Amino acid sequence: MPTLKYSRQREAVKEFLASRIDHPTADTVYTNLREKFPNISLGTVYRNLSLLADMGEIIKITTGDGADRFDGRITPHNHFICRKCHKVSDLEMEGIDSILGIAQKNFPGKIDSHVTNFYGICGDCIKKP
């Protein structure tokens, strides 16, 4: 019953991401899931991540030069992406939701969501010599 196996693996990917706040890469997901699924392949992890992102059950975050990161938190929130180490952090802030109304005033269609990423150098990288 291969469908059940892949379904369990997909759920394991989703559960792993839901338990994290560090926005792991596919390699990190793969390394951690191998403990529970020793025969899982990196390709299977990539396919499941892609499918879950397409389904809207996780968020795929492209960091530029670094590897894509994945977020199990799908409620609206903002991210900070470090230009040096490519670490992704949640950025909690008030008042940014008004940007949706501003954008809607300047667009003839219907906007129902937005993604906001902030870029710079994280505190850890600033501290490094």
Side-chain angles (χ1 to χ4, degrees):
M1 228 187 251
T3 306
L4 184 58
K5 174 181 149 185
Y6 295 124
S7 176
R8 269 191 249 137
Q9 290 173 348
R10 188 168 37 258
E11 279 304 309
V13 168
K14 190 175 167 184
E15 287 172 15
F16 175 74
L17 289 174
S19 73
R20 304 286 291 243
I21 61 168
D22 62 344
H23 308 85
T25 63
D27 287 337
T28 301
V29 175
Y30 168 69
T31 300
N32 283 272
L33 287 185
R34 285 203 60 192
E35 294 171 13
K36 186 173 182 180
F37 299 97
N39 295 326
I40 196 169
S41 70
L42 183 57
T44 297
V45 170
Y46 271 104
R47 280 189 296 280
N48 280 308
L49 288 167
S50 181
L51 179 62
L52 288 167
D54 289 346
M55 293 169 50
E57 294 190 24
I58 65 170
I59 298 171
K60 178 181 174 182
I61 304 164
T62 301
T63 63
D65 294 339
D68 290 336
R69 303 292 185 127
F70 297 90
D71 191 348
R73 180 179 166 199
I74 58 171
T75 56
H77 64 287
N78 308 299
H79 291 112
F80 174 84
I81 301 171
C82 180
R83 291 192 188 279
K84 277 194 169 185
C85 69
H86 306 289
K87 177 180 169 185
V88 177
S89 306
D90 288 339
L91 185 59
E92 303 299 335
M93 51 195 297
E94 293 180 27
I96 198 161
D97 291 335
S98 63
I99 198 168
L100 195 58
I102 294 167
Q104 188 62 66
K105 286 180 187 176
N106 295 292
F107 181 70
K110 181 183 181 303
I111 299 173
D112 56 19
S113 67
H114 69 280
V115 175
T116 307
N117 294 325
F118 295 85
Y119 298 86
I121 308 298
C122 71
D124 292 339
C125 287
I126 288 174
K127 292 176 189 173
K128 290 179 185 172

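None of the values given here were measured: they were computed from a predicted structure.
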### ILVMFWY clustering at 4.5 Å (side-chain atoms), partners of L51
M55
### Message
For a quick test of reading the model, state the closest non-hydrogen atom pair linking P24 to V29 and the distance between them.
### Response
CG-CG2, 4.2 Å
### Query
Mind checking what makes side-chain hydrogen bond (donor to acceptor under 3.5 Å, both in side chains) contact with S41, not counting sequence neighbours?
T44
### Pairs flagged by salt bridge (Lys or Arg N to Asp or Glu O under 4.0 Å) wherever residues 104-119 is involved - sequence neighbours left out
none
### Query
To which residues is V115 joined in a hydrophobic cluster, defined by side-chain heavy-atom contacts under 4.5 Å among Ile, Leu, Val, Met, Phe, Trp and Tyr, whether direct or through other members?
none
### Message
For a 4.5 angstrom cut-off between non-hydrogen side-chain atoms, does V88 reach N117?
### Response
no
### Query
Are F70 and I74 connected in a single hydrophobic cluster, I mean Ile/Leu/Val/Met/Phe/Trp/Tyr linked by side-chain heavy atoms less than 4.5 Å apart?
no
### Task
Taking side-chain hydrogen bond (donor to acceptor under 3.5 Å, both in side chains) as the test, write out the residues that go with S98, two or more places apart.
none
### Query
Roughly how far, to the nearest 0.5 Å, is OG1 of T116 from CE of M93?
8.0 Å
### Task
List, by chain and number, the other hydrophobic cluster members for L100, where Ile, Leu, Val, Met, Phe, Trp and Tyr join if side-chain heavy atoms come within less than 4.5 Å, directly or indirectly.
F107, I111
Could you list the donor-acceptor pairs under 3.5 angstrom formed between side-chain atoms of residues 79-86 and any protein atom two or more places apart in sequence or on another chain?
| unit_1 | atom_1 | unit_2 | atom_2 | d |
| --- | --- | --- | --- | --- |
| H79 | NE2 | H23 | NE2 | 3.4 |
| H79 | NE2 | D71 | OD2 | 2.9 |
| H79 | NE2 | H77 | NE2 | 3.1 |
| H79 | NE2 | D90 | OD1 | 3.4 |

### Task
Mind checking salt bridge (Lys or Arg N to Asp or Glu O under 4.0 Å) for E15 and listing every partner two or more places apart, or none if nothing turns up?
none
### Task
First locate atom CD1 of I40, then atom CG of N48, and finally report the distance between them rounded to the nearest 0.5 Å.
6.5 Å
### Message
Please tell me whether T31 and T28 have a donor and an acceptor in their side chains that are separated by less than 3.5 angstrom.
### Response
no
### Query
Mind checking what makes side-chain contact (heavy atoms from CB on, under 4.5 Å) contact with L42, not counting sequence neighbours?
D27, Y30, Y46
## Note on the structure
Heavy atoms of L49 and I58 approach each other most closely as O-CD1, 3.5 Å
What donor-acceptor contacts under 3.5 angstrom involve side-chain atoms of residues 119-129, with partners at least two apart or in another chain?
none

### Query
How would you list all residue pairs meeting salt bridge (Lys or Arg N to Asp or Glu O under 4.0 Å) that involve residues 36-64, not counting sequence neighbours?
K14-E57, K60-D68
### Query
Do I59 and L17 share a hydrophobic cluster, counting only Ile, Leu, Val, Met, Phe, Trp and Tyr and linking them when any side-chain heavy atoms are less than 4.5 Å apart?
no
### Query
Looking at residues at least two apart in the chain, or sitting in another chain, which of them share a salt bridge (Lys or Arg N to Asp or Glu O under 4.0 Å) with E92?
R73
### I61 with V13, same ILVMFWY side-chain cluster at under 4.5 Å
no
